[in-house]
> 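Please see the structure below; I have some questions.
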Amino acid sequence: MKLVIVDDDHLVSISLKTILEASGEADVLAIGKNGKEAVTLYETHKPDVLLMDIRMDTMTGLEAAKIILTKYPDAKILFLTTFSDDEYIVEALHIGAKGYILKQDFEGLLPALTAVLNGQNVFGNEIVTKLPSLLSNTKSYDYAAKGITEKESEIIELIAKGHSNKEIAEKLFLSEGTIRNYLSTILEKLELRDRTQLAVFYYQNR
(Lines give C-alpha, C1' and ligand atoms only; values in the text may rest on other atoms or scores of the structure.)
Protein backbone atom coordinates (compact mmCIF):
# COMPACT_ATOMS: atom_id res chain seq x y z
CA MET A 1 0.00 0.00 0.00
CA LYS A 2 1.17 3.52 -0.73
CA LEU A 3 1.33 5.88 2.25
CA VAL A 4 2.01 9.48 3.15
CA ILE A 5 3.05 10.13 6.76
CA VAL A 6 2.56 13.51 8.43
CA ASP A 7 3.85 14.16 11.95
CA ASP A 8 5.51 17.21 13.47
CA ASP A 9 8.15 14.97 15.04
CA HIS A 10 10.47 14.10 12.16
CA LEU A 11 12.07 11.27 14.13
CA VAL A 12 8.67 9.65 14.56
CA SER A 13 7.98 9.93 10.83
CA ILE A 14 11.33 8.41 9.89
CA SER A 15 10.85 5.59 12.40
CA LEU A 16 7.37 4.85 11.06
CA LYS A 17 8.65 4.86 7.48
CA THR A 18 11.49 2.46 8.34
CA ILE A 19 9.29 0.03 10.27
CA LEU A 20 6.41 0.03 7.79
CA GLU A 21 8.62 -0.38 4.71
CA ALA A 22 10.57 -3.16 6.43
CA SER A 23 7.32 -5.14 6.56
CA GLY A 24 7.32 -5.30 2.78
CA GLU A 25 3.66 -4.28 2.73
CA ALA A 26 4.00 -0.51 2.63
CA ASP A 27 5.69 2.10 0.46
CA VAL A 28 5.99 5.55 2.06
CA LEU A 29 5.81 8.07 -0.77
CA ALA A 30 6.46 11.20 1.29
CA ILE A 31 6.74 12.65 4.78
CA GLY A 32 5.30 15.95 6.02
CA LYS A 33 5.44 17.91 9.26
CA ASN A 34 2.12 19.80 9.44
CA GLY A 35 -1.41 19.90 8.10
CA LYS A 36 -0.60 22.33 5.31
CA GLU A 37 2.02 19.93 3.96
CA ALA A 38 -0.46 17.06 4.37
CA VAL A 39 -2.89 18.75 1.97
CA THR A 40 -0.16 19.37 -0.61
CA LEU A 41 1.33 15.90 -0.30
CA TYR A 42 -2.06 14.23 -0.59
CA GLU A 43 -2.87 16.14 -3.77
CA THR A 44 0.55 15.34 -5.21
CA HIS A 45 0.73 11.62 -4.38
CA LYS A 46 -2.88 10.45 -3.87
CA PRO A 47 -1.77 7.79 -1.35
CA ASP A 48 -3.88 4.76 -0.48
CA VAL A 49 -3.84 5.92 3.14
CA LEU A 50 -2.76 9.18 4.79
CA LEU A 51 -1.31 8.51 8.25
CA MET A 52 -1.40 11.74 10.20
CA ASP A 53 -0.92 13.26 13.65
CA ILE A 54 -3.49 15.73 15.01
CA ARG A 55 -1.69 18.44 16.98
CA MET A 56 0.74 20.16 14.62
CA ASP A 57 1.92 23.72 13.99
CA THR A 58 0.68 25.85 11.07
CA MET A 59 -2.36 23.60 10.48
CA THR A 60 -3.68 20.72 12.58
CA GLY A 61 -4.37 17.26 11.24
CA LEU A 62 -8.11 17.78 11.72
CA GLU A 63 -8.06 21.00 9.69
CA ALA A 64 -6.09 19.29 6.95
CA ALA A 65 -8.45 16.30 6.92
CA LYS A 66 -11.46 18.60 6.44
CA ILE A 67 -9.85 20.19 3.40
CA ILE A 68 -8.76 16.87 1.90
CA LEU A 69 -12.09 15.09 2.47
CA THR A 70 -14.05 18.01 1.04
CA LYS A 71 -12.11 17.74 -2.20
CA TYR A 72 -11.50 13.98 -2.11
CA PRO A 73 -14.44 12.31 -0.28
CA ASP A 74 -12.96 8.85 -0.77
CA ALA A 75 -9.65 9.74 0.90
CA LYS A 76 -8.62 7.27 3.60
CA ILE A 77 -7.18 9.09 6.62
CA LEU A 78 -5.94 7.35 9.75
CA PHE A 79 -5.03 9.51 12.73
CA LEU A 80 -2.10 8.32 14.85
CA THR A 81 -1.74 10.49 17.93
CA THR A 82 -0.77 10.55 21.59
CA PHE A 83 -3.99 12.37 22.47
CA SER A 84 -7.30 10.69 23.26
CA ASP A 85 -9.13 13.99 23.89
CA ASP A 86 -12.87 13.47 23.52
CA GLU A 87 -13.37 16.48 21.25
CA TYR A 88 -10.65 15.26 18.89
CA ILE A 89 -12.22 11.83 18.60
CA VAL A 90 -15.69 13.20 17.89
CA GLU A 91 -14.43 15.71 15.32
CA ALA A 92 -12.30 13.08 13.58
CA LEU A 93 -15.38 10.90 13.21
CA HIS A 94 -17.59 13.75 12.05
CA ILE A 95 -15.26 14.81 9.26
CA GLY A 96 -14.99 11.25 7.95
CA ALA A 97 -11.61 9.94 9.13
CA LYS A 98 -11.34 6.17 8.77
CA GLY A 99 -9.64 5.60 12.06
CA TYR A 100 -8.11 7.01 15.22
CA ILE A 101 -5.46 5.09 17.10
CA LEU A 102 -3.01 6.05 19.80
CA LYS A 103 0.74 5.87 19.36
CA GLN A 104 0.95 3.49 22.29
CA ASP A 105 -1.03 1.01 20.13
CA PHE A 106 2.01 0.97 17.86
CA GLU A 107 2.09 -2.80 17.37
CA GLY A 108 -1.31 -2.69 15.72
CA LEU A 109 -0.42 0.04 13.24
CA LEU A 110 0.17 -2.13 10.15
CA PRO A 111 -3.02 -4.18 10.67
CA ALA A 112 -4.89 -0.90 11.21
CA LEU A 113 -3.54 0.54 7.95
CA THR A 114 -4.47 -2.64 6.11
CA ALA A 115 -7.98 -2.56 7.55
CA VAL A 116 -8.43 1.09 6.51
CA LEU A 117 -7.13 0.25 3.03
CA ASN A 118 -9.83 -2.45 2.84
CA GLY A 119 -12.56 0.02 3.74
CA GLN A 120 -12.93 -0.71 7.44
CA ASN A 121 -13.01 1.79 10.29
CA VAL A 122 -10.31 1.34 12.90
CA PHE A 123 -10.16 2.64 16.45
CA GLY A 124 -7.72 1.73 19.22
CA ASN A 125 -9.07 -0.12 22.24
CA GLU A 126 -9.07 3.00 24.42
CA ILE A 127 -11.01 4.89 21.74
CA VAL A 128 -13.60 2.13 21.23
CA THR A 129 -14.54 2.18 24.90
CA LYS A 130 -15.26 5.91 24.66
CA LEU A 131 -17.40 5.92 21.50
CA PRO A 132 -20.81 4.99 22.94
CA SER A 133 -20.70 7.67 25.64
CA LEU A 134 -19.24 10.31 23.33
CA LEU A 135 -21.75 9.84 20.56
CA SER A 136 -24.87 8.71 22.39
CA ASN A 137 -28.08 10.69 22.25
CA THR A 138 -30.98 10.46 24.66
CA LYS A 139 -33.52 10.58 21.83
CA SER A 140 -34.15 7.40 19.87
CA TYR A 141 -34.07 7.87 16.11
CA ASP A 142 -37.07 6.79 14.05
CA TYR A 143 -35.37 4.73 11.35
CA ALA A 144 -38.72 3.52 10.02
CA ALA A 145 -39.57 7.08 9.05
CA LYS A 146 -36.62 6.94 6.65
CA GLY A 147 -37.75 3.60 5.26
CA ILE A 148 -35.06 1.60 7.07
CA THR A 149 -36.07 -2.06 7.36
CA GLU A 150 -35.35 -4.40 10.26
CA LYS A 151 -32.58 -6.10 8.28
CA GLU A 152 -31.04 -2.75 7.39
CA SER A 153 -31.15 -1.72 11.06
CA GLU A 154 -29.27 -4.90 11.94
CA ILE A 155 -26.63 -4.13 9.32
CA ILE A 156 -26.29 -0.54 10.58
CA GLU A 157 -25.57 -1.80 14.09
CA LEU A 158 -22.96 -4.28 12.88
CA ILE A 159 -21.23 -1.61 10.78
CA ALA A 160 -21.21 0.76 13.77
CA LYS A 161 -19.51 -1.96 15.81
CA GLY A 162 -16.71 -2.14 13.27
CA HIS A 163 -17.57 -5.31 11.34
CA SER A 164 -16.44 -5.59 7.73
CA ASN A 165 -18.81 -6.48 4.88
CA LYS A 166 -17.39 -10.00 4.88
CA GLU A 167 -18.00 -10.43 8.61
CA ILE A 168 -21.54 -9.08 8.31
CA ALA A 169 -22.24 -11.38 5.38
CA GLU A 170 -21.11 -14.39 7.42
CA LYS A 171 -23.21 -13.38 10.43
CA LEU A 172 -26.35 -12.82 8.37
CA PHE A 173 -25.76 -15.71 5.92
CA LEU A 174 -25.72 -13.35 2.94
CA SER A 175 -23.19 -12.62 0.21
CA GLU A 176 -20.75 -9.71 0.43
CA GLY A 177 -22.35 -8.27 -2.70
CA THR A 178 -25.74 -8.27 -0.99
CA ILE A 179 -24.28 -6.46 2.02
CA ARG A 180 -22.69 -3.85 -0.27
CA ASN A 181 -26.08 -3.31 -1.91
CA TYR A 182 -27.74 -2.98 1.49
CA LEU A 183 -25.10 -0.44 2.56
CA SER A 184 -25.58 1.66 -0.57
CA THR A 185 -29.34 1.70 0.02
CA ILE A 186 -28.93 2.61 3.69
CA LEU A 187 -26.55 5.48 2.91
CA GLU A 188 -28.95 6.81 0.30
CA LYS A 189 -31.94 6.64 2.66
CA LEU A 190 -30.09 8.39 5.48
CA GLU A 191 -28.30 10.82 3.15
CA LEU A 192 -24.87 9.84 4.43
CA ARG A 193 -21.58 9.55 2.56
CA ASP A 194 -19.88 6.43 3.87
CA ARG A 195 -19.78 3.79 6.59
CA THR A 196 -17.82 6.08 8.93
CA GLN A 197 -20.57 8.67 8.89
CA LEU A 198 -23.07 5.84 9.32
CA ALA A 199 -21.28 4.64 12.48
CA VAL A 200 -21.29 8.15 13.90
CA PHE A 201 -24.97 8.53 13.02
CA TYR A 202 -25.81 5.25 14.76
CA TYR A 203 -24.15 6.21 18.04
CA GLN A 204 -25.62 9.71 17.97
CA ASN A 205 -29.15 8.50 17.39
CA ARG A 206 -29.51 5.21 19.19
Side-chain angles (χ1 to χ4, degrees), residues 1-23 25-128 130-131 134-135 162 193-200:
M1 79 186 89
K2 298 185 183 302
L3 307 174
V4 164
I5 298 174
V6 180
D7 194 298
D8 59 354
D9 187 331
H10 188 65
L11 181 58
V12 169
S13 296
I14 292 297
S15 299
L16 289 172
K17 172 178 165 62
T18 301
I19 292 169
L20 291 171
E21 290 190 332
S23 72
E25 297 182 42
D27 179 16
V28 178
L29 304 176
I31 289 173
K33 63 178 181 296
N34 57 53
K36 188 174 182 180
E37 290 187 5
V39 174
T40 300
L41 290 173
Y42 187 89
E43 291 183 335
T44 300
H45 298 283
K46 302 295 192 305
D48 296 320
V49 183
L50 170 59
L51 180 63
M52 181 163 56
D53 196 0
I54 287 184
R55 286 189 187 177
M56 296 182 287
D57 293 333
T58 307
M59 181 186 290
T60 69
L62 291 169
E63 291 169 335
K66 287 180 186 177
I67 294 171
I68 293 169
L69 287 164
T70 297
K71 190 169 183 180
Y72 305 99
D74 295 329
K76 293 181 172 65
I77 299 175
L78 175 62
F79 284 115
L80 177 67
T81 179
T82 55
F83 305 101
S84 61
D85 299 45
D86 293 353
E87 64 270 26
Y88 288 165
I89 298 169
V90 173
E91 187 171 359
L93 289 168
H94 274 301
I95 63 180
K98 296 301 182 186
Y100 190 119
I101 60 175
L102 301 180
K103 288 180 178 177
Q104 48 263 47
D105 294 333
F106 192 79
E107 297 80 5
L109 179 56
L110 185 59
L113 286 165
T114 301
V116 168
L117 179 66
N118 293 330
Q120 297 181 43
N121 302 323
V122 178
F123 303 98
N125 292 334
E126 184 177 337
I127 307 303
V128 169
K130 289 188 172 197
L131 289 180
L134 289 179
L135 301 176
R193 185 177 64 203
D194 55 29
R195 62 195 299 133
T196 303
Q197 287 192 344
L198 180 59
V200 174

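Being a predicted model, the structure only gives us computed values, none of them experimental. Quick note: numbers below take in every heavy atom, side chains included, and nothing from hydrogens, waters or symmetry partners.
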> Looking only at heavy atoms, which two atoms of Ala38 and Ile68 are closest? And how far apart?
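The answer is O-CD1, 4.0 Å.
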
> Which atom pair, heavy atoms only, marks the closest approach of Arg193 to Pro73?
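Where Arg193 meets Pro73 most closely, the heavy atoms are CD-CB, 3.8 Å.
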
> Would a distance-only check, ignoring hydrogens and angles, find a side-chain to backbone donor-acceptor pair under 3.5 Å from Glu63 to Met59?
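Looks like no, no N/O pair under 3.5 Å.
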
> With side chains defined as the heavy atoms from C-beta onward, is the minimum distance between Asp48 and Leu117 less than 4.5 Å?
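The answer is yes; the side chains approach within 4.5 Å.
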
> In Å, rounded to the nearest 0.5 Å, how long is the span from CG of Leu109 to CD1 of Ile19?
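Separation between the atoms: 8.5 Å.
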
> Locate the shortest heavy-atom distance separating Leu69 from Ala97; write the atom from each residue and the value.
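Closest pair (atom of Leu69, atom of Ala97, distance): CD1-N, 4.1 Å.
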
> Has Lys46 got more than 12 heavy atoms of other residues, nucleotides or ligands less than 6.0 Å from its NZ?
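For Lys46, atom NZ is crowded (more than 12 foreign heavy atoms under 6.0 Å).
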
> Kindly compute the distance separating CG (Asn118) from NZ (Lys76), expressed to the nearest 0.5 Å.
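So the gap between those two atoms works out to 8.5 Å.
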
> Can you tell me if Asp7 uses its side chain to pair, donor with acceptor, with the backbone of Asp9 under 3.5 Å?
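It does hold such a pair.
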
> Kindly compute the distance separating CE (Met1) from OG1 (Thr114), expressed to the nearest 0.5 Å.
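Between Met1 CE and Thr114 OG1, I get 3.5 Å after rounding to 0.5 Å.
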
> Compare all side-chain heavy atoms of Lys71 with those of Glu43 and state whether any distance is below 4.5 angstrom.
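A side-chain contact under 4.5 Å exists here.
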
> Once rounded to the nearest 0.5 Å, what's the spacing between atom NE2 of His45 and atom CG of Asp27?
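It is 10.5 Å, given to the nearest 0.5 Å.
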
> Ignoring hydrogens, what is the shortest heavy-atom contact between Lys17 and Ile31? Give both atom names and the distance.
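Looking at all heavy atoms of both residues, the closest pair is CD-CD1, 3.8 Å.
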
> Quickly, which of Asp53, Asp57, Asn34, Thr60 forms a side chain to side chain contact (heavy atoms under 4.5 Å, CB included) with Asp8? Name it, please.
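Only one option passes, and that is Asp53.
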
> Taking Met52 as the fixed residue, which of Ile5, Val4, Leu62, Ile77 is the one that meets the side chain to side chain contact (heavy atoms under 4.5 Å, CB included) rule?
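Result for side chain to side chain contact (heavy atoms under 4.5 Å, CB included) with Met52: Ile77.
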
> Looking at Glu21 and Val28, would you say the former's side chain and the latter's main chain have a donor-acceptor pair under 3.5 Å?
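Looks like yes, one N/O pair under 3.5 Å.
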
> Once rounded to the nearest 0.5 Å, what's the spacing between atom CG of Leu50 and atom CG of Leu41?
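If I round to the nearest 0.5 Å, the distance is 8.5 Å.
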
> At what distance, to the nearest 0.5 angstrom, does NZ of Lys98 lie from CG of Leu113?
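Here the interatomic distance stands at 14.5 Å.
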
> Which pair of non-hydrogen atoms, one from Ala64 and one from Gly35, has the smallest distance, and what is that distance?
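Taking every non-hydrogen atom into account, CB-O, 3.4 Å.
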
